[in-house]
Amino acid sequence: MKFQKPKGTKDILPPEIHKWHFVEKVIRDTMDLYNFSEIRTPMFENTTLFKRGVGTETDIVGKEMYTFEDKSGNSITLKPEMTAPVARAFVEHNLASQAPIHKFFYITSMFRYEKPQEGRYREHTQFGAEVLGTNDVYSDIEIISLVKHIYNQVGVHNFKVKINSLGMPDDRRKYIELLINYLNNHQEHLSNDSKRRLVINPLRILDSKDPNDIEITEHAPKILEHLDIASIVRFEKVINGLTIAGIDYEVDFRLVRGFDYYTDTTFEFISEDLGSQNAIGGGGRYDKLVETIGGKPIPGIGFGSGIERMIMVADRNNFIFPSGKSVDVYFITLNEEAKLVAFKEILNLRKSGIKCEYDSLGRSFKAQMREANKMNSRFVYIIGDEEITKQKGLLKKMSDGSQTEISFNNIIENIK
RNA sequence: GUGGGCAUAGCUCAGUUUGGUUAGAGCAUCAGAUUGUGGCUCUGAGGGUCGUGGGUUCGAGUCCCAUUGCCCACCCCA
């Protein structure tokens, strides 16, 4: 019997890892530039956090959570999203009393029990940010600019920003009633899925892909026309800010996201390079979440973005990810004594930060040359019988093939 | 969770229609092409229980069933 990775998971092997290192570095550097600090929370939480925070009617909580009982009978869930854990840590450590505003970022695995397909895993990696403590419109704009800023550095240019406002809960509730009334009159023409959603989560009918549903919802009441004046003003300010920031956006009344905690601003980044799972990232404002999970009424906004999907888009746009430093010196050794000399020299060179490699299979000269060439070594240092006698090795520059005799302890001066 | 397709060497795939001797190619790997010199070229070698388990048959990579995995769409999302 052969072992294989669990369904919906992946291994990242050496030829791919430089992409991840690069993306992670860009994220950390850019987050620092925007003055966000990293937060790490456990891989799992008590299940009730997500039920309370995210909402039991959402698909993520309702059917996609990795939930299990631990040995003492507590219900544990591998985190399917990061906003609720961050809010929990924020409340648990009473951070609100230490400073009025907190800006967090994270890079972490997420777990959702779904049917895997391209760009969709059961364990995937997201980076994201959360701003807690202000509902300033500029924090909305800053978050969206930040995402774009990071995308552009990692080769993700081909994407659209969709934006909408879901208003505050009271307005949304009233709007949903209007929507239900409207849809009830067209019920017989709705898809089966949407008939079901009419009872469970009517907003979701707005983003149905069924042509009939789209036709019907085209003339449905629009949420943006039924919001409180404060929400409308704020939405306009956000949009204005995006224009000033030079970010192209598309107002999309069909954009309703899969978490119950959103209020006012919601947004999504989509790319046509992803196929059917076309969202690279998304987020929104959640001004009621902190109090929902037992904190003070503190507003927040955040986003999450899938790193697998970002790399996928970058690859499909032929983005070249910078790779690490290549080998500086490959030691070619032709006998046992030479190996000992090489071993001593390598110890020294590595202390000075020179990247070295050597043959550990006792292979032929030619094979060692090929190996050095394959790993793109800048230099080769050859030690054979003659060189041992002279106490000088042959330093060969691979780019032009030139080679000179260099004493054993003189290598470092000659490879600049 | 629902529907459709695919599974042959490390990778990309022929071979399946019309079951029939030791299952092939390219790339990759390794080794050679006169003494101790890489990239290009040439030659050769290793590597597969044909996803797994049953069944039909004198005989199965090829037909049938089941199972697992992957892909596509729906659902949903990153």
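- The C1' atoms of B:G1 and B:G59 are separated by 43 Å, rounded to the nearest whole Å.
- Where A:Arg309 and A:Thr9 meet RNA chain B, the nucleotide closest to each residue was compared, and A:Thr9 sits on the side nearer the 5' end.
- By the 4.0 Å N-to-carboxylate-O rule, A:Arg204 lies too far from A:Asp193 to be salt-bridged with it.
- B:C75 atom P lies 10 Å from atom CZ of A:Arg196, rounded to whole Å.
- Residues passing the ring pair (Phe, Tyr, Trp, His ring centres under 6.0 Å) test with A:Phe343: none are found, sequence neighbours excluded.
- For the pair A:Phe303 CZ and B:A78 P, the interatomic distance rounds to 12 Å; values are reported in whole Å.
- Considering only side-chain atoms of A:Ser276, the nucleotide from B:C74, B:A31, B:C77 that sits closest is B:C74.
- Remark: A:Phe44 CZ to A:Thr67 OG1 distance equals 12.5 Å, nearest 0.5 Å.
- In this structure, NZ of A:Lys7 is placed 10 Å from P of B:C71, rounded to the nearest angstrom.
- Comparing the P positions of B:C30 and B:G38 gives an interatomic distance of 15 Å, to the nearest angstrom.
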Distances under 3.5 Å only, N/O to N/O: pair up the protein atoms with those of nucleotides 1-3 of chain B.
from: B:U2; atom 1: O4; to: A:Lys115; atom 2: NZ; distance (Å): 3.1

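- Nucleotides B:U34 and B:U8 are separated by 42 Å at their C1' atoms, to the nearest Å.
- Under 4.0 Å is where a charged nitrogen must lie from a carboxylate oxygen, and between A:Arg28 and A:Asp32 no such pair does.
- Qualifying salt bridge (charged side-chain N to carboxylate O under 4.0 Å, His left out) partners for A:Glu45, counting only residues two or more places apart in sequence or in other chains: A:Arg88.
- Across the protein-nucleic acid pair, A:Asp11 atom CG and B:G10 atom P stand 16 Å apart, rounded to whole Å.
- The aromatic rings of A:Tyr66 and A:Phe111 lie perpendicular to each other, with more than 60° between the two planes, well past the 30° mark.
- In this model, the phosphate group of B:A78 is approached by a side-chain N or O of A:Arg257 to a distance below 4.0 Å at OP1 or OP2.
- Straight-line distance between the C1' atoms of B:A78 and B:G39: roughly 42 Å, to the nearest whole Å.
- Listed by chain and number, the residues in a ring pair (Phe, Tyr, Trp, His ring centres under 6.0 Å) with A:His186 are A:Tyr182 (sequence neighbours excluded).
- Using a 4.0 Å heavy-atom criterion, one finds that A:Gly128 contacts no nucleic acid atom at all.
- Here the rule is side-chain contact (heavy atoms from CB on, under 4.5 Å) with A:Arg257, and of A:Asp207, A:Thr266, A:Leu166, A:Leu203 only A:Thr266 fits it.
- Identified under the salt bridge (Lys or Arg N to Asp or Glu O under 4.0 Å) test for residues 317-340 of chain A, with sequence neighbours left out: A:Lys325-A:Asp328, A:Asp328-A:Arg378.
- Using atom C1' as the reference point in both B:C6 and B:A14, the two lie 16 Å apart (nearest Å).
- The side chain to side chain donor-acceptor pair (under 3.5 Å) check on A:Asn373 picks up nothing, with sequence neighbours excluded.
- Residues satisfying the ring pair (Phe, Tyr, Trp, His ring centres under 6.0 Å) criterion with A:Phe319, sequence neighbours excluded, are A:Phe321.
- Rounded to whole Å, the separation between the P atoms of B:C11 and B:A66 comes to 28 Å.
- Protein atom CD of A:Gln277 is 7 Å distant from nucleotide atom C1' of B:C77, rounded to whole Å.
- Ring centroids of A:Tyr286 and A:Tyr262 are separated by 6.0 Å or more, keeping the two rings apart.
- For A:His124, there are no ring pair (Phe, Tyr, Trp, His ring centres under 6.0 Å) partners two or more places apart in sequence or in a different chain.
- Remark: A:Arg370 engages no residue in a salt bridge (charged side-chain N to carboxylate O under 4.0 Å, His left out) (not counting sequence neighbours).
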What is the per-nucleotide protein-contact pattern of nucleotides 34-53 of chain B, from the 5' end, where B denotes a base atom under 4.0 Å from a protein heavy atom, S denotes such proximity for sugar-phosphate atoms only, and - denotes neither? --BBBB--------------

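- Atom CZ in A:Arg197 sits roughly 9 Å away from atom C1' in B:C76 (whole-Å rounding).
- Note on A:Tyr121: a base of the nucleic acid sits closer than 4.0 angstrom, heavy atoms only.
- The distance between atom CG of A:Leu274 and atom P of B:A73, rounded to the nearest whole Å, is 11 Å.
- For the segment residues 278-288 of chain A, the set of residues with a heavy atom within less than 4.0 Å of an atom of RNA chain B comprises A:Asn278, A:Ala279, A:Ile280, A:Gly281, in numerical order.
- Only the C1' atoms considered, B:A28 is 13 Å distant from B:G46, to the nearest whole Å.
- Taking the C1' atoms as reference points, B:U16 lies 7 Å from B:G61, given to the whole Å.
- Atom C1' of nucleotide B:C77 and atom CZ of A:Arg112 are separated by 6 Å, given to the nearest angstrom.
- Secondary structure note: stems in RNA chain B built from 3 or more consecutive Watson-Crick or G-U wobble pairs under 3.5 Å occupy B:1-7 with B:68-74, B:10-13 with B:24-27, B:29-33 with B:41-45, B:51-55 with B:63-67.
- Salt bridge status for A:Lys160 with A:Glu272: absent, with no side-chain N to carboxylate O gap under 4.0 Å.
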